[in-house]
Amino acid sequence: KRQSPAARRGTATGGAAALHVVTYATRATPMLCDALLVNALTGVRITLLGWGETYRGNFQKLRGARSHVGALPPNDLVLFADAYDVLYAADAAAIAKRYAALVAAGVGGPGRVTFMAERGCWPDWDMALGREWCRRTYPPAPTPYRYVNSGVWLGRADDAHALLADLEAYTPGLDDQHVVSHMFVDEPHRFALDYNATLFQSLQGEHKVKAPAGAAVVNPITRTHPLVVHFNGGAKRQFNAFRDALIAAAPRRCVAADATLGTAGADPLPLATVCPKHAL
């Protein structure tokens with residue numbers, strides 16, 4: 001349920017809106033543990049939803065996110081990213097600052113949720129008549145990243161909660177990417193896309209974006225330094241190289257033995273419980 005009016009005024013110092021970084025995973029994999037540990041080194045504390053649940057479909061991700069976001073102060077910011085193939089190249093404060101710059105430039109803001117943009121129109125591209133639908137229906141873009149990616153988004157909690165409620169209603173039996181892409185086309189006023197990879201970078205079909213060891217992620221096409229990198233689709237083969245580069249650039253050299261993840265409940269989840277045999 002919603003928090004009290006006092007809590008709604010914000011949870012960060014001085015009453016400013018906080019940034020909550022949220023993901024959903026039911027079980028551990030080596031890539032998940034790599035991501036959690038690297039992100040901890042970068043300075044991003046993640047709230048993990050769904051841990052220990054039986055996986056039945058991507059609608060659980062939307063349901064879990066909607067329930068969690070609905071309990072946050074409505075003006076707080078929520079960054080949701082897929083758990084198993086996303087790395088952060090900066091801490092939460094830098095991500096919030098970059099998002100504020102996006103909003104100031106007219107991308108996103110109140111009433112809209114900002115999503116990652118990508119090169120591929122998935123899954124419609126592989127469906128009957130899907131390629132024609134993608135080419136004709138999607139709005140044009142100023143960069144190669146024309147299409148919406150459902151795996152990473154950021155917005156105010158109240159806007160995200162309203163959008164998630166509608167997405168969840170359509171998703172059982174369908175992939176969340178499919179539902180998000182069609183809702184984006186039907187209700188574009190609820191979405192913003194990070195076309196210039198200012199904050200988000202999808203690596204599906206992308207081979208020019210690099211993460212030099214000890215340096216920022218670089219997109220030479222848009223001349224930006226994205227902070228949230230998604231290794232969706234065939235891009236997973238690039239994960240290890242970016243992982244190692246971000247470790248080299250991280251401000252921390254090790255993760256505390258008692259490091260924890262946030263949860264939907266009151267008690268934190270020890271990182272060692274999620275990844276008991278994993279080490280950098």
Side-chain angles (χ1 to χ4, degrees), residues 10-25 31-49 68-69 72-73 75-104 107-108 114 116 151-157 160 194 197-203 209-219 224-231 239 241-263 268-271 274-275 278 280:
T11 57
T13 302
L19 172 65
H20 307 265
V21 183
V22 182
T23 192
Y24 185 97
M31 187 177 284
L32 171 69
C33 290
D34 272 353
L36 292 175
L37 289 167
V38 172
N39 297 338
L41 289 175
T42 305
V44 177
R45 187 171 190 270
I46 293 174
T47 293
L48 178 61
L49 307 177
H68 182 72
V69 168
L72 298 177
N75 288 324
D76 275 9
L77 297 176
V78 181
L79 167 58
F80 184 94
D82 285 350
Y84 296 97
D85 56 0
V86 172
L87 292 174
Y88 298 91
D91 63 20
I95 291 170
K97 183 177 180 180
R98 186 71 59 85
Y99 175 72
L102 268 177
V103 173
V107 180
T114 300
M116 174 177 284
V152 181
W153 52 262
L154 196 161
R156 293 194 330 182
D194 183 13
T198 301
L199 179 56
F200 303 143
Q201 178 69 61
S202 164
L203 286 183
V209 176
K210 303 297 181 184
V217 176
V218 179
N219 184 324
T224 56
H225 300 283
L227 303 181
V228 184
V229 185
H230 190 191
F231 302 84
F239 181 90
F242 276 75
R243 175 200 64 194
D244 294 344
L246 292 176
I247 290 172
R252 297 168 176 80
R253 302 267 48 95
C254 62
V255 177
D258 59 352
T260 61
L261 303 168
T263 66
L269 178 65
L271 182 56
V274 178
C275 302
H278 199 81
L280 291 173

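Numbers here are sequence positions counted from 1.
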Exercise for the section: Ignoring hydrogens and angles, tell me if any N or O in the side chain of Thr42 forms a donor-acceptor pair with the backbone of Tyr88 under 3.5 Å. Expected result: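 Yes, because the side chain of Thr42 sits within donor-acceptor range (under 3.5 Å) of the backbone of Tyr88.
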Problem - Ile247 backbone acceptor or donor facing Arg253 side chain under 3.5 Å - result: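 Yes, Arg253 side chain to Ile247 backbone: donor-acceptor pair under 3.5 Å.
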Point-to-point distance, once rounded to the nearest 0.5 Å, from [atom1] of [X] to [atom2] of [Y]:
X	Y	atom1	atom2	result
Leu49	Phe80	CG	CZ	6.5 Å
Lys97	Leu199	NZ	CG	13.5 Å
Arg243	Phe231	CZ	CZ	10.0 Å
Asn219	Thr224	CG	OG1	4.5 Å
Leu36	Ile46	CG	CD1	5.5 Å
Asp91	Asn39	CG	CG	11.5 Å

Side-chain touch [X]/[Y], heavy atoms, less than 4.5 angstrom:
X	Y	answer
Leu48	Thr23	yes
His20	Thr47	no
Val255	Leu41	yes
Ile95	Val21	no
Leu19	Tyr99	no
Val152	Leu79	yes
Phe200	Thr114	yes
Leu203	Phe239	no

Tell me the closest heavy-atom pair linking [X] and [Y], and the distance in Å.
X	Y	value
His225	Ala216	ND1-CB, 3.9 Å
Ala90	Val44	O-CG2, 3.2 Å
Ala35	Ala83	CB-O, 4.1 Å
Thr263	Pro268	CG2-C, 4.2 Å
Ala89	Leu246	CB-CD2, 3.8 Å
Pro226	Ala197	CB-O, 3.4 Å

Practice task
Given side-chain contact (heavy atoms from CB on, under 4.5 Å), test Asp194 with Met116 step by step and report yes or no.
Solution key: CA-CA 6 Å; Asp194 183 13; Met116 174 177 284; over 6 Å; no
Exercise for the section: Mind running side-chain contact (heavy atoms from CB on, under 4.5 Å) on Val78 and Trp153 for me, showing each step along the way? Expected result: CA-CA 8 Å; Val78 181; Trp153 52 262; 4.0 Å; yes
Exercise for the section: Take Arg156 and Leu77, measure what side-chain contact (heavy atoms from CB on, under 4.5 Å) needs, and give me the verdict at the end. Expected result: CA-CA 4 Å; Arg156 293 194 330 182; Leu77 297 176; 4.1 Å; yes
